[in-house]
Amino acid sequence: MAESSLHLLYFAWLRERVGLGAEDVAVPPGVATVADLIAWLRRRGPGYEAAFGTTAPVRCAVNQEFATPDAAIAAGDEIAFFPPVTGG
Amino acid sequence: MAESSLHLLYFAWLRERVGLGAEDVAVPPGVATVADLIAWLRRRGPGYEAAFGTTAPVRCAVNQEFATPDAAIAAGDEIAFFPPVTGG
Amino acid sequence: MATIRVQHEAIDVAADIAALTAGRFDIGGIASFIGTVRDMAKGRRITAMTLEHYPGMTERALAAIAAEAERRWRLLGCTLVHRVGPMAPGETIVLVLAASAHRQDALEASAFLIDWLKTRAPFWKKESFADGTEEWVDAREADDLAAARWGALSG
Amino acid sequence: MATIRVQHEAIDVAADIAALTAGRFDIGGIASFIGTVRDMAKGRRITAMTLEHYPGMTERALAAIAAEAERRWRLLGCTLVHRVGPMAPGETIVLVLAASAHRQDALEASAFLIDWLKTRAPFWKKESFADGTEEWVDAREADDLAAARWGALSG
């Protein structure tokens with residue numbers, strides 16, 4: 001199987017730790033869920049490890065809908081990572 | 001005992017039926033409660049009977065505090081009659 | 001602390017919000033309720049609404065309602081403005097504002113204030129209909145029920 | 001039907017109330033919630049608050065929240081305006097308006113709208129303190145509890 005291209009977004013302190021707000025990545029076929037993607041991202045460098053390797057809660061949206069770690073992901077998806085929301 | 005002088009106020013449809021918004025009255029000693037006063041007022045004329053002799057609910061305030069029919073009244077009191085409130 | 005006003009003039013909501021919040025940096029939320037004149041009642045078209053009140057008692061009753069809200073919730077400000085006299089459909093009859101550090105206090109207090117105002121402040125509405133007739137508005141049982149859920153006067 | 005806006009500009013509460021009610025004579029009440037920036041957090045003085053959001057998802061989330069309110073209550077109008085970017089203490093972060101024929105719908109809807117907005121719309125607050133440090137605001141458990149009392153998304 002070919003690699004999947006994903007559009008990733010990072011917000012708030014996840015953006016600051018990763019060091020960028022958006023990127024396109026190509027992930028190997030085994031990365032099939034949000035949890036898989038997080039595990040794969042953590043191996044990409046210390047910024048990712050600082051963002052995803054903490055006990056602080058991280059939330060996710062797939063194609064602009066809140067998603068849980070077991071949510072499936074597919075090529076072309078827009079996947080965003082961010083802390084619990086604090087608007088209002 | 002001497003007669004008691006009361007300051008009476010009428011609002012909304014009670015004012016319209018009585019035909020005036022305010023009056024001072026001197027009531028005989030036996031008129032000791034709001035209920036006594038209403039009974040006494042009803043004998044004063046058709047306007048009063050039209051105001052107080054109906055099944056429509058009438059509310060009362062003695063010295064600007066809501067009062068029940070058994071509330072005592074005394075010389076110098078300001079006593080207001082009105083329908084249930086409908087503000088806001 | 002509360003601002004209480006009964007007035008013939010139109011209610012300026014923005015001015016009252018500005019007055020409540022001027023120079024304040026401890027307020028986290030302001031909840032408000034604005035009551036407006038509708039143009040229909042019981043299927044009939046209304047051309048005007050006239051509010052009568054009991055001068056003196058009105059201000060006392062509004063102050064008592066505001067004081068009760070300030071006892072029940074942690075408020076940083078509270079405003080009750082009620083219009084009297086004739087007004088047209090679309091105009092504002094009443095403005096309730098409650099300010100607090102955290103929103104729940106303001107939200108609950110504003111609902112309480114309007115519920116109690118509707119059942120405990122001496123105002124009476126008269127509707128003028130398009131056919132020239134006028135009618136005093138009957139008290140709504142729904143208003144009594146809404147007010148009752150807050151329980152009795154404390155203290 | 002709902003008005004949804006995310007903006008850098010200051011929020012003009014009076015203008016949004018006017019827009020919601022313009023030409024309408026069926027509205028009996030407008031409930032609102034205005035969230036403002038406080039100048040203290042955890043005992044420290046705040047000099048600025050910066051709101052980040054997720055463009056695209058934000059508008060979708062706000063529209064979904066408004067649609068849910070319109071399903072649950074009989075509303076005649078609904079406005080959600082949220083500011084983003086930097087703002088000073090005392091400024092308005094968020095405005096919620098709900099209009100209805102009878103007040104209970106508007107009051108409950110406005111409380112619901114702000115509770116859900118705080119837990120379901122992708123905004124993040126960063127506080128700048130007087131000592132030059134900055135901190136992302138942690139989500140409040142109280143907000144989750146407030147949102148939870150309205151139950152789950154319907155339909």
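Residue numbers start from 1 in every chain, and the chains themselves are labelled A, B, ... in the order their sequence lines are given, proteins ahead of strands. All figures in this text were calculated on a predicted structure; none of them were measured in a lab.
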Against chain C, label [X] side chain, backbone, both or neither, depending on which of its atoms sit under 4.5 Å from a heavy atom there.
X      : result
D:I17  : side chain
D:I30  : both
D:V37  : backbone
D:A142 : neither

Compare every heavy atom of [Y] with every heavy atom of [X], then report the nearest pair and how far apart it is.
X      : Y     : answer
D:I114 : D:V94 : CD1-CG1, 4.0 Å
D:A109 : D:L75 : CB-CD2, 3.7 Å
C:L113 : C:A66 : CD2-CA, 4.0 Å
D:L80  : D:L62 : CD1-O, 3.5 Å
C:A41  : C:I46 : CB-CD1, 3.4 Å

Leading residue by heavy atom contact count with chain D [cutoff under 4.5 Å; candidates C:G28, C:A98, C:G23, C:A146] | C:G28

Looking at C:P89, C:A99, C:A14, C:A106, which makes the most heavy-atom pairs under 4.5 Å with chain D?
-> C:P89

Roughly how far, to the nearest 0.5 Å, is [atom2] of [Y] from [atom1] of [X]?
X      : Y      : atom1 : atom2 : value
C:L97  : C:F33  : CG    : CZ    : 12.0 Å
D:L117 : D:F123 : CG    : CZ    : 6.0 Å
D:I4   : D:C78  : CD1   : SG    : 6.0 Å
D:M87  : D:M49  : CE    : CE    : 8.0 Å

To see if you've got the definition right, give the donor-acceptor pairs under 3.5 angstrom between chain C and chain D.
{"residue": "C:F25", "atom": "O", "partner": "D:D39", "partner atom": "N", "Å": "2.8"}
{"residue": "C:I27", "atom": "O", "partner": "D:T36", "partner atom": "OG1", "Å": "2.7"}
{"residue": "C:G28", "atom": "O", "partner": "D:T36", "partner atom": "N", "Å": "2.9"}
{"residue": "C:I30", "atom": "N", "partner": "D:I34", "partner atom": "O", "Å": "2.8"}
{"residue": "C:I30", "atom": "O", "partner": "D:I34", "partner atom": "N", "Å": "2.8"}
{"residue": "C:S32", "atom": "N", "partner": "D:S32", "partner atom": "O", "Å": "2.9"}
{"residue": "C:S32", "atom": "O", "partner": "D:S32", "partner atom": "N", "Å": "2.9"}
{"residue": "C:S32", "atom": "OG", "partner": "D:S32", "partner atom": "OG", "Å": "2.6"}
{"residue": "C:I34", "atom": "N", "partner": "D:I30", "partner atom": "O", "Å": "2.8"}
{"residue": "C:I34", "atom": "O", "partner": "D:I30", "partner atom": "N", "Å": "2.8"}
{"residue": "C:T36", "atom": "N", "partner": "D:G28", "partner atom": "O", "Å": "2.9"}
{"residue": "C:T36", "atom": "OG1", "partner": "D:I27", "partner atom": "O", "Å": "2.7"}
{"residue": "C:D39", "atom": "N", "partner": "D:F25", "partner atom": "O", "Å": "2.8"}
{"residue": "C:R103", "atom": "NE", "partner": "D:D115", "partner atom": "OD1", "Å": "2.9"}
{"residue": "C:R103", "atom": "NH1", "partner": "D:D143", "partner atom": "OD1", "Å": "2.7"}
{"residue": "C:R103", "atom": "NH2", "partner": "D:D115", "partner atom": "OD1", "Å": "2.8"}
{"residue": "C:R103", "atom": "NH2", "partner": "D:D143", "partner atom": "OD1", "Å": "3.3"}
{"residue": "C:D115", "atom": "OD1", "partner": "D:R103", "partner atom": "NE", "Å": "2.9"}
{"residue": "C:D115", "atom": "OD1", "partner": "D:R103", "partner atom": "NH2", "Å": "2.8"}
{"residue": "C:D143", "atom": "OD1", "partner": "D:R103", "partner atom": "NH1", "Å": "2.8"}
{"residue": "C:D143", "atom": "OD1", "partner": "D:R103", "partner atom": "NH2", "Å": "3.2"}

Is it the side chain or the backbone of C:A88 that comes within 4.5 Å of chain D heavy atoms, both, or neither?
-> neither

Ranking D:V96, D:I34, D:L107 by heavy-atom pairs under 4.5 Å to chain C gives rank one to D:I34

